[in-house]
Amino acid sequence: MNKKEYIESAENNLFHVYNRFPVIFDYGKGVHLYDELDEAYLDFASGIGVMAFGYGNEDYEQALTTQLKRITHTSNLYYHIPMIEAAEKLVKASGMDKVFFTNSGAEAIEGALKTAKKYAYNKKGAGDYEIIAMENSFHGRTVGSLSVTGTEHYREPFYPLMSGVKFATFNDFGSILANLTDNTCAIIMETVQGEGGLYPADKEFLSKVRQLCDEEDILLILDEVQCGMGRTGSMYAYQQYDIKPDILTTAKALGNGVPIGAFCVTDNVAANSLVPGDHGTTYGGNPLCTAAVSQVFDMFEDYHLLDHIQKISPYFEQVLDNLVAKYDFITGRRGMGLMQGLILTIPVKEVVTKALLEEHLVVLSAGTDVLRLLPPLVITEQDVDEFKEKIEKVFDTFILK
Ligand SMILES: *Cc1c(COP(=O)(O)O)cnc(C)c1O
């Protein structure tokens, strides 16, 4: 089949739930993707913040191939070594005490919400427990995770969703207090809002929320599905704040391309919430995906990846700041580490499309006006320079208009 026929077949058979770009990616090498005609594209999206080590990493492929040949599934009725090793490494990296592996970010949120509800049920008995979530947040597309997602147009067609969710303004502690009731059992937020437009939590805000949670025995759930796994320069973004969540969710880059997520809890939460029979998953934490997680953590250490991210981020930020200075239609930059956004007054969808189709540069949007950049964590200065060259060519076409 040629490209046109492939796309026709896709549209004939796939439920049209995505508006896909007319590109067929076939394979990748390093930070470049290749289409079916072997044409290269520079990837500054990493899937959506998934491919931390880029493509075709031999250490990663070796670990997965070895596991593939041993065993890929056993069920959660038994122990297996990849899960044991992955759990030990995730506990250490996250600073949390116990982990539960899921298949996705949304399922990690589901588990976090159930854990918070069970915690309140155990402590206070049956009740209509409420959750405070943030406006402009994104937590996933399942019914539970959608219930705490702060974008009304994502939620509206699916009402009634989970009851008892109140939305506060992110980084506005007064708004949290205004939504607090005797029935509040948890406060959920992204440490750095991703889809909503690259907004990091303010230090003071997060520390006040933490204090409130301590005083009221409310659980603080930090969703680091996107901003976790080294993206911001620390293993988890909360580690750059002087606080710790009660529940932490992680996914996206956790498996570097295989579907896996997790929710992590403190000992206190583990001892007072879910027990055998309360929760489960068929695939979650299977040997293949947990072997990937285990290998990902080993590679973070072997490659000194956090050091690398801390070193390359200022270079990347400088290039972005120069773009802000150069083009009138870029009004600012927001983000942390290798999770960056440029705020545009020109249509971001047009920029993303032009970058992809004309310059072979893969970038993302966030919100309605942010060009979102989530490059592989292994990018070099040379890759950043290539990005600069390509994105300037795209931006230049908007000046001529
Ligand atoms: C992507 C994302 C999710 C949902 O993860 P899926 O794997 O798509 O279900 C949840 N929270 C945040 C912050 C995300 O960026």
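Counting starts at 1 for both ligands and their atoms, following the listed order.
In this structure D43 satisfies the salt bridge (Lys or Arg N to Asp or Glu O under 4.0 Å) test with no other residue, sequence neighbours excluded. For R20, there are no salt bridge (Lys or Arg N to Asp or Glu O under 4.0 Å) partners, not counting sequence neighbours. Residues passing the salt bridge (Lys or Arg N to Asp or Glu O under 4.0 Å) test with K3: none are found, sequence neighbours excluded.
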Q) Does the side-chain hydrogen bond (donor to acceptor under 3.5 Å, both in side chains) test come out yes or no for Q340 and E317, once each step is laid out? A) CA-CA 8 Å; Q340 295 285 344; E317 285 171 3; 3.2 Å; yes
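Ligand 1 is surrounded by S104, G105, A106, F138, H139, G140, E190, D223, V225, Q226, K252, each with at least one heavy atom closer than 4.0 Å.
Proximity of I71 to Q67: side-chain heavy atoms (C-beta onward) are separated by under 4.5 Å at one or more points.
Checked against the 6.0 Å centroid threshold, F100 and H279 count as a close aromatic pair.
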